[in-house]
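Let me begin by presenting the structure, written as C-alpha cells, before commenting on it.
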Amino acid sequence: MFSDRYNPRETEPKWQRFWEESGTFKTRNDGPQPKYYVLEMFPYPSGRIHMGHVRNYAMGDVVARYKRATGFNVLHPMGWDAFGMPAENAAMQNNTHPATWTYQNIATMRGQLKSMGLSLDWSREIATCDPSYYRHQQKMFLDFLANGLVDRKKSKVNWDPVDMTVLANEQVIDGRGWRSGALVEQRELTQWFLKISDYSQELLDALQTLDRWPEKVRLMQQNWIGRSEGLLVRFDIAPASNKTDAREIEVYTTRPDTLFGAKFMAISADHPLAKSLAVGNPGLQAFIDECHRMGTSVATLETAEKKGYDTGVRVTHPFDPNWTLPVYVANFVLLDYGTGAIFGCPAHDQRDLDFANAYGLGNTPVVCPLDVDPATFVITDTAYDGDGRMINSRFLDGMTIADAKNDVARRLESETLDGRPRAARQVNFKLRDWGISRQRYWGCPIPIIHCDDCGSVPVPEDDLPVKLPEDVTFDRPGNPLERHPTWKHVACPQCGKPATRETDTMDTFVDSSWYFARFTDPWREDAPTTRRVADEWLPVNQYIGGIEHAILHLLYSRFFTRAMSKTGHLGIAEPFEGLFTQGMVVHETYRSPNGDWLQPAEIEMRTDNGVRKAFSLATGNEISIGSVEKMSKSKRNTVDPDDIIGTYGADTARWFMLSDSPPDRDVIWSEEGVQGAARYVQQLWRLIGQLAEIAAPAGTPIKDISEATALDIRRLTHRHCARIADHIERLRFNTAIAEIRKLSNALSKILGDVQSPEQMTPQFRLACREAADALVLMFAPMMPHLAEECWERLGHSGAAAYAPWPKVDPALAREDTISIPVQVNGKKRGELVIERDADAKLLEAEALKLDDVQKLLNGQAAKKVIVVPNRIVNVVV
RNA sequence: GCGGACGUGGCGAAACUGGUAGACGCAAGGGACUUAAAAUCCCUCGGGUUUUCCCGUGCGGGUUCGAUCCCCGCCGUCCGCACCA
C-alpha cells in the first residue's frame with residue numbers, strides 16, 4: 001500500500017494556476033446575484049508580507065469564499081497603499097528610486113499573496129502611487145476645493161526635523177514624530193486642510209447607525225470627535241489690576257453651574273494675554289518657557305505637578321462686581337481647546353482642586369450629593385463630579401445641575417457687555433480640520449499653481465494628472481520637488497505669467513480614504529468612480545483590519561465618503577457597513593545567555609521530563625524561553641510566511657491561524673500548533689480517501705434514507721452544516737473549525753466501526769457521499785486547495801470553488817432526542833434522555849422517577865419543581 | 001489622571017447573553033503496531049477523595065430554584081488618550 005500523503009507543495013500551485021487560468025475569482029459588476037463586498041485593509045508594500053497579513057487575508061478569504069458559495073456576487077479586491085515615507089528612506093539608503101523600490105516590493109508581495117490561494121480579483125489591482133489612481137485624487141481635491149471643503153490657512157504645525165515634514169496632531173506621539181521618533185517642533189506654515197470639522201456633528205451622529213462596528217471603535221471615534229456643550233463667559237478685568245490693553249478674558253466652561261465655586265482663573269501659557277504680560281516680566285516669561293519645555297507628553301503631564309504663575313491681574317465675578325478672582329498662567333490649560341482660558345472650581349474638578357490646594361486658594365462646594373447633609377459636606381483631596389443639588393450658590397441653591405446650567409446661561413446671555421452678550425452657549429468639538437500638506441516627494445501632488453497676481457490657482461482639469469518628476473535625488477533631506485530644477489516652474493493658468501507649482505504632496509491617509517470606492521470600477525479613466533456601479537457595491541459589507549486604524553483611517557474614510565457624495569462621485573454616507581478588527585499574531589521570544597534574541601527558525605524545541613526547552617540549532621546551547629509578544633524585528637520573534645507556506649502549505653497556515661483563538665483576540669503562533677494543523681490536513685485527506693472509495697457516485701440524488709446508520713450520518717452532516725454556517729456568518733472562525741473537526745471525527749469513528757462489507761448498504765453509501773461532499777465544501781473557505789483536490793478525488797468534474805454551500809434540511813438538523821439535566825437544589829443529579837419538546841408535566845414526572853432524585857427526596861414531596869422545556873428540570877427539596 | 005476591555009485546566013479556548021462548566025485543539029502521560037524511529041491508532045488528562053461524594057470560572061458579598069453570565073465592593077492584567085475645562 002502506497003503512503004497516502006497529501007502534498008501541498010505540488011497541489012497548491014496546481015489549483016492556483018487553475019483558478020487563475022479559469023478566471024474563477026473575476027467579479028463582474030453586472031452579475032445577477034445579490035452583491036457582497038468584502039475587503040481587507042490593503043497593505044503598505046514594505047517588502048514582504050508578515051504573519052499579520054496572513055491572518056487578515058485568511059479571514060477575509062473565508063468570508064469571500066463562503067459568501068460566494070451561498071449565492072452572492074462577491075467583490076474581493078486587493079491593492080497597494082503605495083505612497084509614503086519608507087520608500088523615500090529606502091531611496092536615501094540604497095540609492096534606488098522610490099518608484100523602483102515600491103514596484104519591486106509590490107511584485108514580491110503579490111507573489112506571496114498569490115501563494116496563499118486567496119480568492120481575489122486581481123484584475124482590479126490598484127496602486128495608489130500610480131498616476132492612473134492619483135489623477136482622480138487630484139480631481140477630487142479640486143472638486144472639494146470648488147465645494148468649500150478645502151481650506152488654506154496658516155497654522156502652527158508639528159514639524160519633524162528629521163523627516164523634514166509636517167505631522168498631523170494624530171501623528172505626534174508623546175511629542176515625537178510617529179515614524180522618525182524625533183522631537184517635534186512647532187512651526188508656522190501655510191497648509192492645505194480638508195474641512196472634516198464641518199462634519200463633526202454628522203460623523204458623531206452617524207456612529208449610531210454603524211451597528212456592525214465594534215462598540216470599542218465607535219467609542220474611540222466618539223471621544224476623538226469630542227463633542228461638548230458649554231458656555232462662553234466674558235470676565236471683566238478689574239481695572240485696578242490691569243496691565244495691558246485687554247479689558248476682558250473669555251473662558252469656555254461645560255460647568256457654568258459651578259460659577260459660585262470659582263476660586264481662580266487660569267490661562268494657557270500660549271494665551272495672547274500671557275504673552276503680553278510676559279513682556280517686562282522675566283518671572284512670568286521664565287514660567288512660560290518652562291511650560292513649553294515640559295512638552296505635551298502624556299507621561300510627563302501625568303506626573304507633572306499642577307503649576308501656575310500669579311499674574312497679579314484680577315477679574316470680577318460675572319454675578320458679583322465686588323468679587324474678584326486671581327488670574328494665573330497655568331501649565332495644564334491648553335490654548336487649542338475652547339478659549340485657552342478657564343475658571344477654576346476646585347470643589348468639582350480634580351485638576352482645579354490639585355491646583356488650588358497647591359496655591360492655597362481653598363474651595364467652596366456648590367454641588368451636594370443628595371444623600372449628604374450640605375452642612376457637613378466638605379471637599380479636601382477628592383473633587384466631587386457627581387450629581388446633586390446646588391448649595392452655596394445664592395439664586396441657584398436647591399436647583400439640579402442641569403437647571404443651574406440653564407439658569408446661569410439665561411441670565412448671562414441676556415446681559416450686555418460692550419454691546420455684546422456677556423455669555424453665549426457653544427457646542428465645541430475636539431476634532432480639528434485635517435491638514436494634508438506634506439513636504440515630501442513620494443505622495444500625490446497637490447494640483448495647485450501659485451501665482452503672484454492670481455493667488456492659488458487650480459491646475460486645469462485637462463492638465464491632470466500633475467505627475468511626479470522621475471529625475472529626483474535623495475542625497476539631502478527635505479523635499480526633492482522643492483529643489484527640482486524645472487518641475488515647479490509653470491505659467492499661471494489664469495494670467496500666463498511665470499508661476500510655481502505647489503510642492504507639497506498629500507498625506508497618504510488621503511490615498512486610503514477612497515480606494516474601496518475605486519475598486520468598484522478601477523478601469524474608469526475619466527472619473528474616480530462610476531457612480532452607479534459604486535453605489536451598487538458600496539458600502540463595503542465587511543471590512544477587516546487592525547485596531548490601529550480605529551480612529552484615523554476609518555474617520556477620514558467616513559469623511560471622504562461624505563465629501564465624495566457632496567461632489568457627486570458617490571451617493572452614500574458610510575463606507576463600511578460591517579467592521580471587524582482582528583487581533584495580532586504573537587510568538588514566544590527566545591534569548592541566549594549573552595542576551596541576544598534568537599529567531600524561532602534558529603531554535604529547536606525538545607521536551608525534557610515533560611518540560612519544554614529551547615536549544616540553539618547553531619550551538620546546541622539551551623536558550624531561555626521568554627514571554628509571548630507581538631512579532632517584531634527587535635525581539636526577532638517573527639516567522640516568515642514564505643517559510644511556513646513552503647514547509648506546511650498555505651492551507652495549513654490558514655487553518656492554524658484561524659483555529660486557535662477567537663479572531664478578535666491575539667493568536668499565539670507556535671510550531672506545535674501549526675504541526676497539529678498539518679496533521680489534520682493529512683487526516684482529512686485520508687478520511688476523504690476512505691469516503692471516496694465507498695461513497696455512491698457523485699451526483700446521485702439522495703432520498704428515502706431509512707436505515708439507522710445512514711440516517712445517523714445524514715443527521716450528523718446536516719446538524720453540523722447548520723452550525724458551521726452560523727459560526728462563519730458571525731466570523732467565529734475558531735468555533736467553526738471546532739465544529740468541522742467534530743464532524744470529521746464523528747465520520748472517522750463511524751467508518752472505523754464498520755465491520756463487514758454488508759454494512760455498506762446503498763443507503764449507507766449515499767449518506768457517505770452526502771457527508772463527504774458537505775465536509776469538503778465546508779472546509780473549502782479555510783483550506784481551498786485541499787478542498788479542490790478532495791473534490792476531484794470524490795469524482796466531481798467542476799471545481800469546488802463553483803459548488804454551492806451544502807443545503808441544510810432543517811428536519812435532519814434538528815435533534816429529536818435530547819438529554820436534559822435534572823438538578824436537585826441547583827446541583828446536577830441526573831439526566832433525562834427524552835424526545836424534544838416533551839411537555840413540562842412529562843419532564844417533571846420523569847425527573848421525579850429518577851433514582852438519584854428519589855434518594856435525595858428521601859420519601860418527602862418536592863417543595864417546588866422548576867421545569868424549563870428542552871433545558872432543565874430543577875427539583876427543590 | 002480619564003476612558004474602555006478582560007480575568008475559566010499545564011496552554012489556546014468553548015459554553016445558544018441565567019440552565020449539564022471545560023466542547024475542539026496544543027502539550028503531557030500510558031499502551032498498540034515496528035528491529036528501531038517517524039507516521040498512525042487506542043486510553044488517561046481541573047483539584048481532592050477513590051468506585052460515594054466534595055471543591056472548583058481572580059477575591060469577598062448579594063439577587064435567583066439555579067450565576068462563567070446579572071448587581072455591589074475589592075484585586076490583577078491589557079489597551080486607548082489630545083490634562084479637553
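A, B, ... follow the sequence lines: proteins, then strands. Residue 1 opens every chain.
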Let's see if you can work this out: which of B:rC83, B:rG80, B:rA82 has an atom nearest to the side-chain heavy atoms of A:Lys430?
B:rA82

Roughly how many Å apart are B:rC70 and B:rC54, using the P atom of each and rounding to a whole number?
27 Å

Using Watson-Crick geometry (N1-N3 plus N6-O4 or O6-N4) or G-U wobble (N1-O2, O6-N3), each under 3.5 Å, B:rG3 is paired with B:rC79

For B:rA14 and A:Asn734 - does any side-chain N or O of the residue sit under 4.0 Å from the phosphate oxygens OP1/OP2?
yes

Taking for each residue the nucleotide of RNA chain B with the nearest heavy atom, is it A:Val876 or A:Glu739 whose nucleotide lies nearer the 5' end?
A:Glu739

For atom CG of A:Asp851, is the number of surrounding heavy atoms from other residues, nucleotides or ligands below 6.0 Å larger than 12?
no

When the distance from CZ of A:Phe429 to P of B:rA85 is rounded to whole Å, what number comes out?
13 Å

Rounded to the nearest angstrom, tell me the gap between atom CG in A:Asp852 and atom P in B:rU52.
11 Å

Whole-Å distance, A:Trp655 CH2 to B:rC24 P, equals 14 Å

Could you tell me whether the phosphate oxygens of B:rG18, OP1 or OP2, come under 4.0 Å of any side-chain nitrogen or oxygen in A:Arg871?
no

How many angstroms lie between atom NE2 of A:His549 and atom OG1 of A:Thr581, to the nearest 0.5 angstrom?
12.5 Å

Say whether A:Asp660 and A:Asn734, considering side chains only, have a donor N or O and an acceptor N or O under 3.5 Å apart.
no

From the list B:rC24, B:rG80, B:rU20, which nucleotide is the closest neighbour of the side chain of A:Glu831?
B:rU20

Does A:Lys864 put a side-chain nitrogen or oxygen below 4.0 Å from OP1 or OP2 of B:rC65?
yes

As a test of reading the structure: which of B:rC65, B:rC26, B:rC24 is closest to the side chain of A:Glu672, going by heavy atoms?
B:rC26

Within this structure, what is the CZ-to-C1' distance between A:Arg719 and B:rC16, rounded to whole angstrom?
15 Å

What about the rings of A:Tyr328 and A:Tyr359, do their centers lie closer together than 6.0 Å?
yes

Quick note, A:Ile866 side chain, CB onward, closest among B:rC24, B:rC65, B:rG3 is B:rC65

Closest non-hydrogen atom pair, A:Ala330 against A:Ala266:
CB-CB, 3.8 Å

When you get a sec, tell me which of B:rA14, B:rC24, B:rC41 is the closest nucleotide to the side chain of A:Pro662?
B:rA14

Supply the atom-to-atom distance A:Met782 CE to A:Arg654 CZ, rounded to the nearest 0.5 angstrom.
9.5 Å

Closest nucleotide among B:rU20, B:rA85, B:rC65 to the A:Ile872 side chain
B:rU20

Would you mind classifying the nucleic acid contact of A:Ser659 as base, sugar-phosphate or nothing, using non-hydrogen atoms under 4.0 angstrom?
nothing

B:rC41: pairing nucleotide in any strand, Watson-Crick or G-U under 3.5 angstrom
B:rG31

Can you tell me the distance, in whole Å, between the CD1 atom of A:Ile547 and the C1' atom of B:rC81?
14 Å

Could you check if the base of B:rG73 is syn or anti? Syn means the glycosidic torsion is within 90 degrees of 0.
anti

Can you check whether A:Arg679 has a side-chain N or O nearer than 4.0 Å to OP1 or OP2 of B:rA27?
yes

Using the P atom in both, what is the distance from B:rU77 to B:rA82, to the nearest Å?
23 Å

Distance check needed: B:rG25 P versus A:Asp660 CG, whole Å only.
12 Å

If you look at every strand shown and take non-hydrogen atoms under 4.0 Å, does A:Ser819 touch a base, only sugar-phosphate, or nothing?
base

G-U wobble or Watson-Crick pairing nucleotide for B:rC70 (cut-off 3.5 Å, both distances)
B:rG62

Please tell me which of A:Gln675 and A:Ala738 maps to the more 5' nucleotide of RNA chain B, matching each residue to the nucleotide holding its nearest heavy atom.
A:Ala738

Among B:rA13, B:rA39, B:rA82, which nucleotide has an atom closest to any side-chain atom of A:Arg665?
B:rA13

So, is A:Lys827 close to the B:rC55 phosphate, meaning a side-chain N or O under 4.0 Å from OP1 or OP2?
yes

Remember a base hit wins even if backbone is also touched, and classify A:Leu219 as base, sugar-phosphate or nothing at under 4.0 Å, heavy atoms.
sugar-phosphate

Please step through ring-ring contact (aromatic ring centres under 6.0 Å, His included) for the pair A:Phe343 and A:Phe264, ending with a clear verdict.
CA-CA 6 Å; A:Phe343 78 81; A:Phe264 63 94; 8.9 Å; no

What distance separates A:Thr652 OG1 from A:Tyr680 OH, expressed to the nearest 0.5 Å?
12.0 Å

Return the value, rounded to whole Å, for the distance between atom CE of A:Met657 and atom C1' of B:rG25.
17 Å

Taking a pair as Watson-Crick or G-U wobble with both distances under 3.5 Å, which nucleotide is matched to B:rC53?
B:rG48

Among B:rG3, B:rC53, B:rG80, which nucleotide sits nearest the side chain of A:Arg829?
B:rC53

Phosphate contact (B:rA82 OP1 or OP2) by A:Arg432 side-chain N/O below 4.0 Å
no

Please confirm whether the shortest side-chain N or O distance from A:Thr735 to OP1 or OP2 of B:rC24 is below 4.0 Å.
no

Nearest to the A:Gln823 side chain among B:rU20, B:rA13, B:rA85, which nucleotide is it?
B:rU20

What is the distance from CZ of A:Phe656 to C1' of B:rG12, rounded to the nearest Å?
8 Å

Whether A:Arg732 contacts B:rA15 is assessed here as follows: a side-chain N or O lying under 4.0 Å from the phosphate OP1 or OP2. Is that the case?
yes

Determine: side-chain N/O of A:Asn745 to OP1/OP2 of B:rG25, distance under 4.0 Å, yes or no.
yes

Which nucleotide sits closest to the side chain of A:Arg686: B:rC41, B:rU20, B:rC84?
B:rC41

Scan A:Gly226 against the nucleic acid and name what it touches under 4.0 Å (heavy atoms): base, sugar-phosphate only, or nothing.
nothing

Any side-chain N or O of A:Arg351 less than 4.0 Å from the OP1 or OP2 oxygen of B:rC84?
yes

Would you call the rings of A:Tyr556 and A:Trp434 parallel, tilted or perpendicular if under 30° counts as parallel and over 60° as perpendicular?
parallel

